[in-house]
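Only this structure's heavy atoms are used, side chains among them; waters, hydrogens and symmetry mates stay out. Bear in mind the structure is a predicted one, so any value in this text is a computation, not a measurement. Numbers restart at 1 for each chain; the letters A, B, ... are given by sequence-line order, proteins then strands.
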There are 2 protein chains.
Amino acid sequence: MDERQTDKEDDTASRQRPTLKTLAFMTGLGVTTVSRALKDAPEIGAETRRRVQLVARQIGYRPNRAGVRLRTGKTNVISLVLNTEQEIMSFVSDIIYGVSEVIADTPYHLIVTPYSRAQDPLEPIRYLAETGSADGVIISRTQPNDPRARYMLERGIPFATHGRTEMGLVHPYHDFDNYAFATEAVRRLAGMGRKRLALLTPPVGLTYHGHTVNGFADALSEVGASEVPFNTVSIDHSIEQIRMRTAQLMRRDVRPDGFVSSAAAATLAIVAGIEDAGLKLGRDVDVVSKQSSELLHLFRRELLVVNENFRLAGSELARAVLGWIGGKEPGSLQSLSKPSEVLSYRG
Amino acid sequence: MDERQTDKEDDTASRQRPTLKTLAFMTGLGVTTVSRALKDAPEIGAETRRRVQLVARQIGYRPNRAGVRLRTGKTNVISLVLNTEQEIMSFVSDIIYGVSEVIADTPYHLIVTPYSRAQDPLEPIRYLAETGSADGVIISRTQPNDPRARYMLERGIPFATHGRTEMGLVHPYHDFDNYAFATEAVRRLAGMGRKRLALLTPPVGLTYHGHTVNGFADALSEVGASEVPFNTVSIDHSIEQIRMRTAQLMRRDVRPDGFVSSAAAATLAIVAGIEDAGLKLGRDVDVVSKQSSELLHLFRRELLVVNENFRLAGSELARAVLGWIGGKEPGSLQSLSKPSEVLSYRG
DNA sequence: TTGGCAATCTGTAACGTTTCAGTATATCTA
DNA sequence: TAGATATACTGAAACGTTACAGATTGCCAA
């Protein structure tokens, strides 16, 4: 039966994926020792440690995730929670790529947890919490009073939000400074002599809606321009809706001579609406737009753009969750990304 | 110590996540029985079965993924393998959403496995295989002779490819009929009197490059038009590259009067190049382009477009892998999506 | 010499699940 | 009535890992 034992070990070593047992057999040590040696535990002799690690590297040992997870509860998973029904979703791939970059040389996997508009946004978070399927969570479409953030804070689940909250609770986030974007945009338009400005806002209810609106308002009074209300639509509305509302607006007596738009796709619709009304971009009206991929200048040279880097956002968010998981202070894991200059491509 | 046992069970039942043991305790049955009852095993009495399932539902029992995975090797994970350095990546989110839709009411999770252009594309696949971290894999950027498909076929890993291979090996795939797209595009341009056509191809080396080129060539001879070679760039090149090459091309004596473009972002560059050369879209030249989000008509009304639905692709791919995992014949899990009409928005 | 202590190493149990090889009971068959 | 058989259930073991509680050895102080 010693024979059988050896056979079994041999078998294990030969074709199957190596486990701690394989390593133990090869080194002649116990599994416990091997386990500790691999994680540089101090009570293992220096030479043994090196020997085990060498063999492990040689045979390409990789810890079995299920084993670790079952024993320790650590999943080595970061979950990115996404709404699958957003009109504007081009930025999603950028975020994913940004996150990927950061977790590439960690043991973490990225899982995408979707939810539809119809569902309670809390539902996927509850699922993650109850099944313990992630060590950390990234959420977007953050609200000033965000039940998801509150929920995870209560249960001690590390997370990072794309966008800030306003609950007086501290947690990691990454945000783009939309207040600054709006003020810069207004200043630029004012600098070009534009006086009556309209704002196409982010979705009402999200925190950055407020930031954008405030920046817009503050800058308006700063430069002495006036607002033409345009709050029947937001960037969450369909292209057709925005286009139609813009055209309606531009046919009014008191029409804006400047637009600030919070999303690139929406800007296409605004421009289309402007032209539907028989007006000309750059002559009758100017538009400053945020964009994530640098394509808007190809659309109309007259467009003024500010770049928002979502890949960066993804990286920062990943770094933030990993930092929290790794024990850093949540308060130290907050970052705000300043907008670029307002860029012009004309002439 | 019976006391302690009971206490422990009580404790387990009260706050912690319920396990089979919890259910066993609550129903007064053994764990084995509970396990089998939950999967409708025939050797469990009908009433017991119902009773167990009722209790399980009541207390919200969910099998522990790590436990299942450790014991059975089943991960309940689908991995989407993505190149993170693609110029054109807008479609990624659509694919993800498509996949999500399908796996939403299955126990599967979607993990995104990235790789960079620099790496061997086989590397992430090897990782998945060696660590056994997924039950099924979805790959894109498929090549006629695809080492990744071959590799997975050899190891019996279920997968689906976005795009076909040409290795004489059968496996699930979903593809857009780019041959049909190219022929329809050429026919349309010919119908408008265009005679000298240029093709902006998909990346050389990918299977659908061949399909597109063939469709283009076949239709050219069918309608008696000629090709203006434009093979110094592909849709994988940067916007600036494509724009520059297009402008160069349009300044030649023999310049195309029609373009077929395989990607929306590239089309923006083509149009920019055309206009750089002082020519006018719709008058001097017409362009037929594929697009995934319906925005191109806002860019230039004169553009002719064909829609490719990447969300559908994602769904089909997910269905295909799940089908294979579920034991269906790989050959029965292949689908080809026909292009829409060539759509026009002028007038 | 003896007891103590530090330095290394080890076996066992447990995480939650499924599979294997049963056991107990009731129900037939001869 | 004895034995076979079907029905309904069960305990133990295993997947790979880590934590806990030792075990062994050598060395030093008393």
Side-chain angles (χ1 to χ4, degrees), chain A residues 4-5 8-9 11-13 16-53 56 59-76 107 130-133 135, chain B residues 1 4-5 8-9 11-13 16-52 56 59-76 107 130-133 135:
Chain A
R4 261 191 47 65
Q5 176 72 359
K8 192 183 171 199
E9 296 291 358
D11 209 47
T12 302
Q16 293 296 337
R17 209 178 137 190
T19 69
L20 288 182
K21 210 160 122 199
T22 319
L23 283 177
F25 178 69
M26 294 180 74
T27 55
L29 298 162
V31 271
T32 304
T33 311
V34 173
S35 172
R36 317 209 70 169
L38 287 177
K39 31 180 66 67
D40 283 319
E43 60 268 50
I44 303 298
E47 198 209 306
T48 307
R49 211 152 50 195
R50 255 174 309 151
R51 195 157 63 87
V52 170
Q53 292 180 356
I59 67 172
Y61 167 78
R62 291 176 188 266
N64 179 306
R65 312 188 117 234
V68 176
R69 180 166 171 177
L70 183 56
R71 179 64 237 247
T72 65
K74 180 127 211 284
T75 62
N76 282 310
E130 284 169 8
T131 62
S133 10
D135 295 337
Chain B
M1 27 178 199
R4 262 193 44 70
Q5 175 71 0
K8 190 179 169 200
E9 296 292 357
D11 209 48
T12 302
Q16 293 296 339
R17 210 179 137 192
T19 69
L20 288 182
K21 209 159 123 198
T22 320
L23 284 176
F25 177 71
M26 293 180 75
T27 55
L29 297 163
V31 263
T32 305
T33 310
V34 173
S35 173
R36 320 207 67 168
L38 287 177
K39 32 180 64 65
D40 282 320
E43 60 266 50
I44 303 298
E47 197 209 307
T48 307
R49 209 151 52 197
R50 253 174 312 157
R51 195 157 62 88
V52 170
I59 66 174
Y61 166 77
R62 291 178 189 265
N64 178 306
R65 309 189 119 235
V68 176
R69 179 165 170 177
L70 183 57
R71 178 64 237 244
T72 65
K74 181 130 211 283
T75 62
N76 283 310
E130 284 168 8
T131 62
S133 6
D135 296 337

Spacing of A:Arg71 atom CZ relative to C:dT17 atom P, expressed in whole Å:
16 Å
With the side chain of B:Ser35 defined as its heavy atoms from C-beta on, choose the nearest nucleotide among D:dC9, D:dG16, C:dT18.
C:dT18
When the distance from CZ of A:Arg69 to C1' of C:dT17 is rounded to whole Å, what number comes out?
13 Å
Could you write nucleotides 20-27 of chain C as a row of B, S and -, 5' to 3', where a protein heavy atom under 4.0 Å of any base atom gives B, of only sugar-phosphate atoms gives S, and otherwise -?
B-------
Send over the distance from B:Arg51 CZ to D:dA8 P, rounded to a whole Å.
14 Å
Is any side-chain heavy atom of B:Leu23 closer than 4.5 Å to a side-chain heavy atom of B:Leu29?
no
From CG of B:Leu20 over to P of D:dA14, roughly how many Å is that when rounded to an integer?
20 Å
A:Thr33/A:Thr27 under side chain to side chain contact (heavy atoms under 4.5 Å, CB included): CA gap, chis, key distance, verdict:
CA-CA 10 Å; A:Thr33 311; A:Thr27 55; over 6 Å; no
salt_bridge(B:Glu43, B:Arg36) N-O dist < 4.0 Å
yes
On DNA chain D, check which nucleotide each of B:Leu70 and B:Ala46 is closest to and give me the residue with the more 5' one.
B:Ala46
Main chain of A:Val68, side chain of A:Thr72: is a donor-acceptor contact present, judged purely on distance under 3.5 Å?
yes
Start at the 5' end of DNA chain D and walk down; is the nucleotide closest to B:Arg49 or to A:Asn64 reached first?
B:Arg49
Atom CG of A:Leu23 and atom C1' of D:dT17 are separated, to the nearest Å, by 13 Å
Looking only at heavy atoms, the pair that brings A:Thr131 and B:Arg17 closest together is O-NH1, 3.1 Å
Would you mind reporting whether B:Leu20 and B:Leu38 have side-chain heavy atoms less than 4.5 Å apart?
yes
Just how far, in rounded Å, is C1' of C:dC9 from CD of A:Glu47?
14 Å
Show your reasoning for whether side chain to side chain contact (heavy atoms under 4.5 Å, CB included) applies to B:Asn76 and B:Lys74.
CA-CA 6 Å; B:Asn76 283 310; B:Lys74 181 130 211 283; 3.0 Å; yes
Nearest-nucleotide pick for A:Tyr61, side chain only, options being C:dT8, D:dT17, C:dT10:
D:dT17
Roughly how many Å is it from CD in B:Glu43 to C1' in D:dA6, rounded to a whole number?
12 Å
Using the closest heavy atom to pick a nucleotide of DNA chain C for each, name whichever of B:Arg65 or A:Thr48 lands nearer the 5' end.
A:Thr48
Indicate, with a heavy-atom threshold strictly under 4.0 Å, whether A:Ile44 touches base, sugar-phosphate, or nothing.
sugar-phosphate
Can you tell me if B:Thr72 touches the phosphate of C:dT17, counting only side-chain N or O atoms and a distance under 4.0 Å to OP1 or OP2?
no
Closest listed nucleotide, where the reference is the side chain of A:Thr19 and the choices are D:dT18, C:dT17, D:dG16
D:dG16
Which of these nucleotides, C:dT8, C:dT18, D:dT17, is closest to any side-chain atom of B:Lys39?
C:dT18
Regarding the side chain of B:Leu29, the nearest nucleotide among D:dC9, C:dA13, C:dT18 is D:dC9
Do the non-hydrogen side-chain atoms of B:Ser133 and B:Arg69 ever get within less than 4.5 Å of each other?
yes
Rounded distance (Å) that lies between atom P of C:dG16 and atom CG of B:Leu38
15 Å
Considering every strand and a 4.0 Å limit on heavy-atom distances, what is the contact class for A:Gly30: base, sugar-phosphate, or nothing?
sugar-phosphate
